[in-house]
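What follows is a single structure, written as structure tokens, with notes after it.
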Amino acid sequence: MASKKRQCLLADLCSRDDHRKPEHSKMNTSIDPQVARIRASLLAWYDAHRRDLPWRAKSGVRADPYAVWLSEIMLQQTTVATVGPYFGNFKAQWPTVGAMAAGSLDEILVAWQGLGYYARARNLYKCAGVVVSEHGGVFPETEDELRKLPGIGSYTAAAIASIAFDQPCVPVDGNIERVTARLYDIDIPLPKGKKDIHAAAQSFISKDRPGDFAQAMMDLGSGVCAPRSPKCDICPLNADCQAYKTGNPARLPVKAPKKIRPERCCVVFWLENADGDVLMQKRPETGLLGGMTGFVSTSWREGAWPEPTEIETASPLSIEWAEIPGEAVHVFTHFRLTMRVLKGKAQKGANVDGFWVAPTVFAEHALPTVMKKVIKLVGENPS
DNA sequence: GAGCCGTGGAA
DNA sequence: TTTCCAAGGCT
């Protein structure tokens with residue numbers, strides 16, 4: 001019966017969907033009163049409680065599309081607190097798309113190090129190039145055009161279009177997904193439930209302050225309609241929230257059970273030359289940590305340590321290696337990696353694959369956090 | 001469509 | 001300690 005209720009709701013939403021009506025239809029004549037109330041309540045709440053964020057324009061001021069784009073890419077699966085300093089650094093180093101396109105991928109990756117999901121950085125640079133070469137250095141303003149750019153998917157296209165250009169669209173991120181699922185009490189487990197939730201979210205489309213509306217939903221989802229302990233008592237939408245009325249908003253949205261995270265193991269080679277420089281390699285351009293810099297290691301075996309023969313084969317030099325006490329552990333999205341480190345000294349003129357880096361200039365290279373943990377472990381065990 | 005792709009902070 | 005998750009995109 002819950003599903004029947006939902007069917008009625010969605011059919012209802014579609015039939016009264018004002019954004020599907022022809023352009024000449026009068027605005028605000030056939031809008032569902034509940035949707036109108038939600039919009040008004042949310043915008044009023046936003047005007048009083050909006051967050052002041054580095055990439056966000058002041059109230060009533062049009063945002064800088066470059067800043068909106070840059071922040072949206074950085075904010076993909078990443079918290080506001082984490083993004084803050086990175087955004088400031090990028091804006092200072094590359095004030096415009098043109099400046100970024102004129103830079104190099106390596107520079108971008110160095111600045112991005114530690115932020116994770118490095119394909120975002122590669123696509124960021126690629127996108128800057130396309131905006132300059134195909135759009136004269138000016139971001140396109142429509143959702144469809146934005147969607148074609150590297151690194152910009154359906155969410156980000158709608159986010160930029162609405163926030164930077166006030167286009168009437170609704171970017172459905174995790175926040176809006178959660179708020180919408182609760183407003184309409186949609187309990188189909190994700191990702192299957194996305195279809196209904198996104199359809200319901202589209203009923204909010206309006207030509208009146210779409211950018212503010214999108215950001216308001218995000219602020220609400222972040223500070224009020226939070227994943228674990230929603231503050232329903234102070235929520236401006238509680239009068240229209242189906243989940244609040246009928247019971248348990250905190251359980252929504254329902255998510256499919258997670259899969260277990262496999263364990264992987266590897267041995268890392270810390271090779272120093274006579275000057276104390278350390279051997280490093282640039283990783284392949286695609287895949288995990290693509291384009292980043294790292295140390296030589298065995299393959300990352302699942303479930304067991306590499307065999308001695310594999311360690312021997314993977315070592316950059318046939319010399320005497322000394323194992324450093326302890327292990328370094330790093331957790332990726334889909335597996336957990338435990339590393340042991342072997343330390344060795346290269347003879348002068350030894351022929352190795354890679355390049356030598358002095359520890360004093362590690363920071364000049366694009367080192368992912370997992371590699372910094374290796375550095376930390378070695379530093380804790382001076383020879 | 002399901003798996004791949006990082007990281008750090010909160011509960 | 002473990003689990004969850006944060007303004008997702010690509011293949």
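Numbered from 1 within each chain, the chains take letters A, B, ... in sequence-line order.
Under a 4.0 Å N-O distance rule, the pair A/K91/A/D64 qualifies as a salt bridge. With salt bridges taken as basic N to acidic carboxylate O contacts below 4.0 Å, one links A/E263 and A/R336. Note on A/D208 versus A/R39: no salt bridge recorded, every NZ/NE/NH1/NH2 to OD/OE distance being 4.0 Å or above.
A/S41 places no side-chain N or O within 3.5 Å of a backbone atom of A/I38 that could act as its donor or acceptor partner. Looking at A/T180, its side chain never comes within 3.5 Å of a backbone N or O of A/E177 through a donor-acceptor pair. Judged purely by atom type and a 3.5 angstrom limit, A/R37 has no side-chain atom pairing as donor or acceptor with the backbone of A/D240. Remark: side-chain polar atoms of A/N238 are paired, donor with acceptor, to backbone N or O of A/C235 under 3.5 angstrom. In this structure, the side chain of A/K345 does not engage the main chain of A/A274 through any donor-acceptor pair within 3.5 Å. Under a 3.5 Å cut-off, the side chain of A/T293 and the backbone N or O of A/L367 do not form any donor-acceptor pair.
For DNA chain B, the neighbouring residues in residues 364-379 of chain A, judged by any heavy atom under 4.0 Å, are A/P368, A/T369, A/V370. Remark: A/D173, A/G174, A/N175 in residues 164-175 of chain A come within less than 4.0 Å of DNA chain C through at least one heavy atom. Near-neighbour residues of DNA chain B inside residues 75-93 of chain A, defined by a heavy atom below 4.0 Å, number-ordered: A/Q77, A/T78. Listed by residue number, the members of residues 221-238 of chain A with any heavy atom below 4.0 angstrom from DNA chain C are A/P227, A/R228.
Under 4.0 angstrom from either OP1 or OP2 of C/dG8 there lies no side-chain N or O belonging to A/S154. Taking 4.0 angstrom as the limit, A/R261 places none of its side-chain polar atoms (N or O) nearer than this to OP1 or OP2 of C/dT3. Within the structure, a side-chain polar atom (N or O) of A/H330 is placed less than 4.0 Å from OP1 or OP2 of B/dT7.
A/R51 comes within 4.0 angstrom of a nucleotide base, judged by non-hydrogen atoms across all strands. Heavy atoms of A/G290 sit nowhere under 4.0 angstrom from any nucleic acid atom. A/L289 comes within 4.0 angstrom of the backbone, heavy atoms only, and of no base. Residue contacts for A/L53: at a heavy-atom cut-off of 4.0 Å it reaches a base atom on one of the strands shown. No engagement by A/W112 is indicated, since no non-hydrogen atom pair under 4.0 Å with the nucleic acid exists.
Separating the NZ atom of A/K194 from the P atom of B/dA2 is a distance of 12 Å, rounded to the nearest angstrom. As rounded to whole Å, 16 Å separates atom P of B/dG3 from atom CZ of A/F335. Computed from coordinates, the A/Y117 OH to C/dA6 C1' distance equals 10 Å when rounded to whole Å. Nucleotide C/dT3 holds its P atom 10 Å from the CD1 atom of A/I260, rounded to whole Å. Atom-to-atom, CG of A/L190 to P of C/dG8 comes out at 13 Å; the value is rounded to the nearest Å. Going from atom OH of A/Y118 over to atom C1' of C/dG8 covers 17 Å, rounded to whole Å. A/F332 places its CZ atom 13 Å from the P atom of B/dC4, with the value rounded to the nearest Å. Rounded to whole angstrom, the span from the CZ atom of A/R336 across to the P atom of C/dT2 amounts to 6 Å.
Of the candidates B/dC5, C/dA7, B/dT7, B/dC5 carries the atom nearest the A/H334 side chain, counting heavy atoms from C-beta on. Set against B/dT7, C/dA7, C/dC5, the side chain of A/K255 has C/dC5 as its closest nucleotide. Taking only side-chain atoms of A/E72, from C-beta outward, the nucleotide of C/dC5, B/dC5, C/dA7 with the closest atom is C/dA7.
With A/F335 as the aromatic partner, A/R261 does not meet the cation-pi criteria of under 6.0 angstrom to the ring centre and within 45 degrees of the ring axis.
When each of A/R283, A/H365, A/M292 is checked for a side chain to side chain contact (heavy atoms under 4.5 Å, CB included) with A/M371, only A/R283 meets the rule.
Using atom P as the reference point in both C/dG9 and B/dG8, the two lie 22 Å apart (nearest Å). For the P atoms, the distance from B/dC4 to C/dA7 is 24 Å, rounded to whole Å. For the P atoms, the distance linking C/dA6 with B/dC5 amounts to 22 Å, nearest Å.
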Give every donor-acceptor pair under 3.5 Å between a side-chain atom in residues 125-141 of chain A and any protein atom, sequence neighbours left out.
residue : atom : partner : partner atom : Å
A/Y125  : OH   : A/G103  : O            : 2.8
A/S133  : OG   : A/G129  : O            : 2.9

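In this structure, A/L149 and A/R56 both approach DNA chain C, and ranking their closest nucleotides by distance from the 5' end singles out A/R56. When each of A/R120 and A/K259 is assigned the nucleotide of DNA chain B bearing its nearest heavy atom, the one mapping closer to the 5' terminus is A/K259.
At least one side-chain heavy atom of A/D47 sits under 4.5 Å from a side-chain heavy atom of A/R209.
Counting only residues at least two apart or on different chains, the side chain to side chain donor-acceptor pair (under 3.5 Å) pairs with a member in residues 73-84 of chain A are A/Q76-A/T156, A/T78-A/R120, A/T79-A/T82.
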Check step by step if ring pair (Phe, Tyr, Trp, His ring centres under 6.0 Å) holds for A/Y155 and A/H198. CA-CA 11 Å; A/Y155 160 75; A/H198 285 229; 9.8 Å; no
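You'll find the ring centres of A/Y66 and A/W94 outside the 6.0 Å limit.
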